[in-house]
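A short write-up of the structure that comes next.
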Amino acid sequence: MSGPDPDRAQIDARVLAWLREPDAIDADPAATEARFTELALALFAHQFEHCPPYGRFCDGRGRTPTNVHDWREIPPVPTGSFKELDLRSFPAERVVHAFRTSGTSTERRGTLWLDTLELYEASLLPTFHAHVLPDLLERPITLRVLAPSVEEAPDSSLSHMFDTVLRAGGLAGGGFDVKQGRLDIDGLHRHIERARETGDAIALCGTSFAFVHWLDALAARNLRFGLPEGSRVMETGGFKGRSRVLERGELHDALGERLGLPPERIVNQYGMTELGSQFYDSVLRRPREPRRKLAPPWARVRVVEPTTGEEVPDGDVGAVVIVDLANTGSIQAIQTADLGRQVDRGFEVIGRDPGAEARGCSIAADAMLGAP
Amino acid sequence: MNTAAVREHLAGLQAAQKTLHELPIEARVSAVGRVLDAWSDAGSPVRVRLLAEHPATSGLSTENLAAGLELGLRRDGWGHAALEGLVEREAPKSARLAGVTTVLHGGVIPMPTLLDALAPLVLGSPVLAKPAARDLVTPRLLVESVAELAPELGACVAIADVRRDDDAAIDALLETERVIVTGGDDTVTAIRARLGRDTKLVAHGHKLSVAWLGADANLEVSAARLAVDVATWDQLGCLSPVACWVEGDAERARAFATSLAAALEAREQVTPRGEVEAAAAARIASERSDAELRSAAEGVVALHVGSTWTVVAEGDAAPRPSPLHRFVRVHPVATLAAWRTAMGSLRGHVAGLAHAGGSEADALELAQSVGASRATAFGELQTPPLDWARDGLGVLSALLA
């Protein structure tokens with residue numbers, strides 16, 4: 001296997017250097033605008049050349065490295081396209097890992113091909129620490145994960161993320177509590193009881209639907225836990241097909257009620273398999289400010305009018321587009337399937353109201369398109 | 001409307017049932033027939049009001065609503081005579097339903113709303129109707145027209161405008177003898193779980209329609225006709241085709257896609273598309289980008305985009321997501337057998353099949369193979385008669401069963 005493309009190696013080195021700078025996560029995005037733009041444009045030129053479908057796609061839109069001068073002009077690819085196309089900017093023989101979107105065995109699943117995990121891990125750690133464990137150095141914290149381990153789910157980016165956090169150390173203890181596809185409720189309760197005995201804070205992190213299953217079990221057993229001071233919850237992802245569907249606020253209310261946690265100790269993570277970076281609620285990091293999602297300085301979020309792609313004014317609803325420098329091996333500009341709005345130098349993701357009525361009696365065909 | 005108001009309405013309707021049952025079925029048919037005659041007359045005051053008031057809540061354009069009503073709500077298929085024929089086929093003279101029927105309307109298309117509320121009245125059951133969120137107009141006008149044109153039934157139909165998060169009021173609504181619901185699978189499942197053991201449920205889930213273009217069909221003519229099926233109701237109806245399979249090679253499918261694009265642009269001039277919510281607009285943009293990217297990658301996908309419509313000529317027969325609002329995929333398929341295989345994941349979710357070319361027998365066989373309850377020529381999908389067995393359920397017989 002030949003070595004990495006020299007241009008790419010240089011871009012990776014520069015992005016990694018940024019991600020590993022102490023306090024990089026605290027930088028004001030405005031202060032790093034020029035640095036971000038320079039790297040994003042260099043990465044665009046690289047991906048334009050080394051991912052031929054993407055290059056032709058951009059060319060078709062009249063956007064090329066010679067006429068794109070602002071990261072906002074970089075054409076984004078929809079997340080759905082990762083289901084059918086190999087959107088890689090490196091040769092197939094350099095693949096070292098693949099993350100896949102969740103789904104059943106018959107569903108078409110999106111794949112993020114990786115030739116290195118270094119950027120992914122370098123991005124996730126400071127972001128997770130800043131938003132979920134900002135007080136890690138001040139107190140011992142145990143981390144329990146309501147998701148499968150990497151051994152059980154090697155293609156899950158979420159499992160890899162938690163594994164990386166656990167391996168990074170600094171925690172009082174931790175581990176995975178989904179085993180062989182099932183939440184080990186009794187095991188989880190033992191860990192919580194142990195934390196209650198020692199008085200150490202516990203961070204419960206995992207998928208939203210796993211928390212719903214756990215809440216249902218707690219309700220069935222009529223159980224409530226008063227978690228130790230400093231404890232917190234981080235939940236992520238959707239529910240559809242995995243548990244009953246709750247609005248995010250309902251989930252947080254139920255968690256707060258069962259676990260004795262105030263709202264500012266419950267954090268939602270917004271992330272997706274197709275992205276190397278993640279976005280978290282601001283409440284643990286900036287408890288006195290309104291809840292919104294914050295991006296690390298090496299990722300930028302635009303909220304655009306879906307048809308024109310033009311940015312909408314702050315506060316207006318539009319489609320969420322992300323440019324993420326940690327995506328050096330695939331495509332950095334991603335058009336998500338979510339609606340959101342920019343607020344207070346962060347953003348909110350607006351989920352569809354699970355009870356909202358459709359205007360028609362027709363059904364969008366993806367609802368039943370299991371098989372490719 | 002709160003729980004107490006729902007119970008008050010129900011008490012009134014239960015009291016009215018005695019009067020309703022005293023009417024022979026011929027009298028009930030005659031009364032409902034007068035209402036249907038008015039609704040199926042494009043010049044009637046109720047149709048004029050429907051056209052004036054409906055678009056503001058439904059988001060459909062006035063022109064599209066007018067065209068949809070003209071196609072779907074015709075005197076010959078929806079008037080008194082059509083009702084008499086339906087009753088003769090589906091209801092014995094002695095047919096009489098006990099108790100009140102709750103109708104939970106869904107969607108913005110007036111015809112199913114009209115029929116779901118009137119069918120129980122024909123069979124002697126008073127109706128409590130919860131309007132769909134985006135169509136408050138049709139149920140209200142229906143109640144008014146019953147009061148005016150069929151006063152003997154005036155006390156037998158009422159509206160319950162209950163908030164969908166008011167669990168107590170919804171539970172009170174569901175305490176009737178039977179419930180008719182139109183909605184997505186999640187809605188139907190949630191309603192079913194809340195019903196008492198003795199309550200009968202007639203559920204109409206969300207479905208879609210598809211089109212088949214046979215090898216001997218004319219492309220230009222077929223495209224113009226299919227554009228009518230697609231544009232009517234902005235593809236929001238279960239009889240709206242979301243994709244067309246073209247018998248032959250990819251080149252023929254691409255040629256049809258080009259014709260269909262031109263036809264949809266022409267329809268836009270006559271029946272403009274209505275409102276598109278941000279979420280739907282985002283899905284359309286995403287699917288357009290995806291097609292663009294696959295075209296760049298594979299070279300076999302072609303994308304046609306207008307200001308309000310999208311046609312994607314696909315390279316294969318595999319169904320793909322459809323964000324609706326005039327977004328159509330055109331697939332090549334070599335044989336009928338290959339089409340049946342491709343339709344595997346959609347089987348059971350198909351309401352209608354439009355066909356061009358081939359024989360009627362072929363079309364019926366195609367429709368049966370995907371479980372469609374309606375098969376028509378291109379351009380006629382949106383004209384279901386009063387007695388169309390939506391989801392295979394007879395209009396009256398499903399209530400009597």
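Because the structure is predicted, anything quoted here is derived from the model rather than measured. Chain naming here is simple, since letters A, B, ... match the order of the sequence lines and numbering starts at 1 in each.
- Ranked by heavy-atom pairs under 4.5 Å with chain A, the list B:Ala297, B:Gly344, B:Gly299 is led by B:Ala297.
- The 12-atom threshold is exceeded at CZ of B:Arg194, counting heavy atoms of other residues, nucleotides or ligands nearer than 6.0 Å.
- B:Arg288 and B:Thr310 share a side-chain donor-acceptor pair at under 3.5 Å.
- Checking side-chain atoms of B:Thr308 against main-chain N and O of B:Arg273 turns up no donor-acceptor pair under 3.5 Å.
- Comparing A:Cys58, A:Pro78, A:Gly318, A:Pro52 by heavy-atom pairs within less than 4.5 Å of chain B, the highest count is held by A:Pro78.
- For the set B:Ser289, B:Ala285, B:Gly348, the entry with the most heavy-atom pairs within less than 4.5 Å of chain A is B:Ser289.
- Side-chain contact check for B:Asp290 and A:Ser81: at least one donor-acceptor pair (N or O, by modelled atom type) lies under 3.5 Å.
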